[in-house]
Amino acid sequence: MAISILRYILSMILLAGFQVFVLNNLNMSGFFNPQIFILFILLLPVNTEIWLCLLAGFVSGAILDGLAVSYGIYAFCGTALGYFRYFYIKFSLDKEVIERGMAPNIKNMSLEWHLTYLLICSILYHWLAFTIEAFRFNNMLQISLKAVVSGVIATVLMALTGFLFSRKTTNV
């Protein structure tokens with residue numbers, strides 16, 4: 001249990017560091033900005049309680065806000081993602097899978113389910129972040145296009161990360 005918690009904390013630190021020091025500093029013409037640190041929230045075990053999903057989303061977002069000086073945007077979006085993630089998993093997976101408590105990673109789930117999960121959550125997260133950043137509802141087409149492009153790129157990066165670092169885990 002303690003090893004598992006330490007692994008999640010280490011992954012959050014590594015993902016936040018990679019996000020702030022590498023991805024946020026790439027000059028991508030301002031049109032897209034993939035946020036892959038959300039992988040920390042998305043890979044919590046499927047039986048994680050909602051309060052812990054919300055807390056993990058808030059804390060990881062707040063850490064990124066502190067590092068990137070983004071004034072609460074990441075904390076809000078991370079909390080919203082934790083809330084959405086809880087219900088997405090609850091309604092898209094069988095009860096037996098949830099009770100086993102495995103991580104929703106690429107090794108434990110079907111490739112189709114995992115990629116769909118990453119893509120939907122990523123686009124939602126990016127759309128929220130870009131809408132709050134713009135703080136207006138005009139240009140919603142441009143904001144939505146930016147969210148889709150960033151979400152797709154982030155999904156590809158998260159899937160590649162999943163292929164490289166995940167391993168099959170179950171609590172049987």
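Just so you know, these numbers come straight off a predicted model, no measurement behind them.
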Checklist entry - Checking Ser11 side chain against Tyr8 main chain: does a donor-acceptor pair fall under 3.5 Å? => result yes
Checklist entry - Side chains of Leu52 and Leu44: closer than 4.5 Å at any heavy-atom pair? => result no
Next on the checklist: A side-chain contact here means heavy atoms from C-beta on lying under 4.5 Å apart; do Ile38 and Gln19 qualify?
Outcome noted: no
Checklist entry - Which atom pair, heavy atoms only, marks the closest approach of Asn108 to Met102? => result CB-SD, 3.6 Å
Checklist entry - Which atom names give the shortest non-hydrogen contact between Ile63 and Ala16, and what distance separates them? => result CG2-CB, 4.4 Å
Checklist entry - Can you get from Val148 to Leu141 by hopping between Ile, Leu, Val, Met, Phe, Trp and Tyr side chains that sit under 4.5 Å apart? => result no
Next on the checklist: Using the rule that Ile, Leu, Val, Met, Phe, Trp and Tyr join whenever any side-chain heavy atoms are under 4.5 Å apart, tell me whether Leu14 and Leu157 fall into a single cluster.
Outcome noted: no
Next on the checklist: Quick check on the hydrophobic clustering: are Ile89 and Ile120 connected, directly or via other members, by side-chain heavy-atom contacts under 4.5 Å?
Outcome noted: yes
Next on the checklist: Looking at Tyr117, I want to see if its OH is surrounded by more than 12 non-hydrogen atoms of other residues, nucleotides or ligands under 6.0 Å.
Outcome noted: yes
Next on the checklist: Could you tell me if the side chain of Pro104 sits less than 4.5 Å from the side chain of Arg85, heavy atoms only?
Outcome noted: yes
Item to check | Atom of Leu124, atom of Phe84 and distance for their closest heavy-atom approach | outcome: CD2-CG, 3.5 Å
Checklist outcome for this item: On a heavy-atom basis, the closest approach of Met109 and His114 is CB-CB, 4.5 Å
Checklist entry - Rounded to the nearest 0.5 Å, how far apart are CD1 of Ile41 and CG of Leu15? => result 10.0 Å
Next on the checklist: Please determine whether side chain to side chain contact (heavy atoms under 4.5 Å, CB included) holds for the pair Leu39 and Leu118, giving the CA-CA distance in whole Å, both sets of side-chain angles, and the decisive distance to 0.1 Å.
Outcome noted: CA-CA 8 Å; Leu39 190 59; Leu118 290 179; 4.1 Å; yes
Next on the checklist: When you compare the side chain of Gln142 with that of Phe130, does any pair of heavy atoms fall below 4.5 Å?
Outcome noted: no
Next on the checklist: Around atom CG of Leu10, are there more than 12 heavy atoms from other residues, nucleotides or ligands closer than 6.0 Å?
Outcome noted: yes
Checklist outcome for this item: On a heavy-atom basis, the closest approach of Phe87 and Tyr83 is CD1-O, 3.3 Å
Checklist entry - Hey, does the side chain of Asn105 reach the backbone of Lys107 with a donor-acceptor pair shorter than 3.5 angstrom? => result yes
Checklist outcome for this item: Value for CG (Leu160) from CD1 (Ile106), rounded to nearest 0.5 Å, stands at 9.0 Å
Next on the checklist: If I take atom CG from residue Leu81 and atom CG from residue Leu54, how far apart are they, to the nearest 0.5 angstrom?
Outcome noted: 10.5 Å
Next on the checklist: Students often mix this up, so state it plainly: with edges at 30° and 60°, are the rings of Tyr88 and Trp113 parallel, tilted or perpendicular?
Outcome noted: tilted
Checklist entry - Roughly how far, to the nearest 0.5 Å, is CG of Leu42 from OG of Ser122? => result 8.0 Å
Checklist entry - Roughly how far apart are Ile143 CD1 and Thr131 OG1, rounded to 0.5 Å? => result 5.0 Å
Checklist entry - Are side-chain heavy atoms of Phe135 and Ile73 found at a separation under 4.5 Å? => result no
Checklist entry - Would a 4.5 Å heavy-atom cut-off, applied to side chains only, mark Val69 and Tyr71 as touching? => result yes
Item to check | hydrophobic_cluster_shared for Phe40 and Val20, side chain cutoff 4.5 Å | outcome: yes
Checklist entry - Which atom names give the shortest non-hydrogen contact between Asp65 and Gly72, and what distance separates them? => result OD2-CA, 3.0 Å
Item to check | Lys146 backbone acceptor or donor facing His126 side chain under 3.5 Å | outcome: no
Checklist entry - Hey, any chance Met158 and Leu119 share a hydrophobic cluster, counting ILVMFWY side chains that come within less than 4.5 Å of each other, even indirectly? => result no
Checklist entry - About how many Å separate OG of Ser150 and CG of Leu23, when rounded to the nearest 0.5 Å? => result 10.5 Å
